[in-house]
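Report on the following structure.
Here is the naming used below: chain letters follow the sequence lines, and residue numbers restart at 1 for every chain.
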2 protein chains.
Amino acid sequence: MVHSPSPQHRIPAKSPRFPAANASETVKQTLVEMEALCRARRARLTPIRRRVLEVLLCSQKPLGAYDLASALASHGRRMAPITVYRALDFLIEQGLAHRIASRNAYVAGTGNRGTTAFLVCESCGDATEIASPEVAATVLKVLTERGYQPHARILEITGRCAHCQDIH
Amino acid sequence: MVHSPSPQHRIPAKSPRFPAANASETVKQTLVEMEALCRARRARLTPIRRRVLEVLLCSQKPLGAYDLASALASHGRRMAPITVYRALDFLIEQGLAHRIASRNAYVAGTGNRGTTAFLVCESCGDATEIASPEVAATVLKVLTERGYQPHARILEITGRCAHCQDIH
DNA sequence: GGGCCGCATGAAATTCTGTCACAAAAATTT
DNA sequence: AAATTTTTGTGACAGAATTTCATGCGGCCC
């Protein structure tokens, strides 16, 4: 079910929706790398933040804040919204997560804090992070042409992914 | 090369926040044009839809659905959310309005239903519609490269506008 | 130790955004 | 005129995000 053979940023293709504790090997390794990144930056990846990041990493699709809150429930009580949002704020600051505004949802990122682009499938909702220097450069150019400070963060490009074209 | 002197889509620069009835001449004219466009398309620009469109046209900034609901209140009762959203759905379908997802807000459009790009100021929230064939082309290219069907609709580019750089 | 500061967390309430189901009204078609 | 489709109205509700106040914890300075 791999969309294209391009080896870009891909997050493990395991299926559990809210994998709680059974993070796959790949996720575990990514997590370790991100921990290291945070240490290097002197940013504190606390247990809560780590757990939010882990759930995001395990999910192939963008998750809503309340999905996260449910996924991280304990004793039947789901995590308070504010807690989730605070964790997300931190992760987004660090480039470890991104907000997909068109879906009010969040995905794990790569740690890169520059301009990032996502292909969002309007059918299945899947969001694929792509590294496209070409798009980044063009956007930067347009921004400066119009007197905008190049703070461009995240670019969402809506379309229909290869997989969903077949089905429907 | 579309540099600064491009006469792109600009919406009249009058100031009233919720202009209710005092639409400027320019707005009135635009409205007439859009009415004609709808007639040509056999799309029904009903009074409600027209009023929503009018408020959007009069506002220089993106408005939230509830801003619209308040602006269109009568007898102290604001318009029901669903009514606003239904009107917005119609307008968006017709390309007469766009959703700025990063702000949960809406702006008037030009009627063009192709790919549209906006420069969104992260400071003042202003959204400027730009016609940038270059960006559109680049995005299209990337989309097809990845096997995406080129349905790209609206592109939001975040930054800080010239005006806000001075202030802060 | 005791007090202070910065930071992370917890909890409640509130507001904002958006949708669903169903009924009534209006326009279009036959 | 009757049937059908489209639009609008109403109430309830889920989901998204922020505000406000309180608590706990580690380090630090005296």
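- Counting only residues at least two apart or in different chains, ring pair (Phe, Tyr, Trp, His ring centres under 6.0 Å) contacts with residues 104-137 of chain B comprise B:His98-B:Phe118.
- Note on residues 35-47 of chain B: pairs passing salt bridge (Lys or Arg N to Asp or Glu O under 4.0 Å), not counting sequence neighbours, are B:Glu35-B:Arg50.
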Using a cutoff of under 3.5 Å, can you pull out all pairs of nitrogen or oxygen atoms linking the protein to nucleotides 7-9 of chain C, with atom names and distances?
unit_1	atom_1	unit_2	atom_2	d
C:dA8	OP1	A:Arg49	NH1	3.3
C:dT9	OP1	A:Thr46	OG1	2.8

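- Between the C1' atom of D:dT8 and the CZ atom of B:Arg51 lies a distance of 12 Å, rounded to the nearest Å.
- With sequence neighbours excluded, the residues that form a side chain to side chain contact (heavy atoms under 4.5 Å, CB included) with A:Ala73 are A:Arg78.
- For B:Glu93, there are no salt bridge (charged side-chain N to carboxylate O under 4.0 Å, His left out) partners, not counting sequence neighbours.
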Atom pairs under 3.5 Å: protein N/O with N/O of nucleotides 15-18 of chain D:
unit_1	atom_1	unit_2	atom_2	d
D:dA16	N7	A:Tyr66	OH	3.0
D:dA17	OP1	A:Arg99	NH1	2.3
D:dA17	OP2	A:Tyr85	OH	3.0
D:dA17	OP2	A:Tyr106	OH	3.0
D:dA17	O5'	A:Tyr85	OH	3.4
D:dA17	N7	A:Tyr66	OH	3.4

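- Under the rule for a side chain to side chain contact (heavy atoms under 4.5 Å, CB included), the partners of A:Arg153 that lie at least two apart in sequence or sit in another chain are A:His151, B:Glu122.
- With rounding to whole Å, B:Ile100 atom CD1 is found 12 Å from C:dG18 atom P.
- A:Thr144 places a side-chain N or O within donor-acceptor distance of the main-chain N or O of A:Leu140, the cut-off being under 3.5 Å.
- With sequence neighbours excluded, no residue satisfies salt bridge (charged side-chain N to carboxylate O under 4.0 Å, His left out) with B:Glu33.
- Between B:Leu63 atom CG and C:dT17 atom C1' there is a gap of 15 Å when expressed in whole angstrom units.
- Atoms CZ (B:Arg50) and C1' (D:dT8) sit 18 Å apart, rounded to a whole Å.
- Cluster partners of B:Val32: none. The rule joins Ile, Leu, Val, Met, Phe, Trp and Tyr whenever side-chain heavy atoms lie under 4.5 Å apart, and it links nothing here.
- Rounded to whole Å, the distance from CG on B:Leu88 to C1' on D:dT8 is 15 Å.
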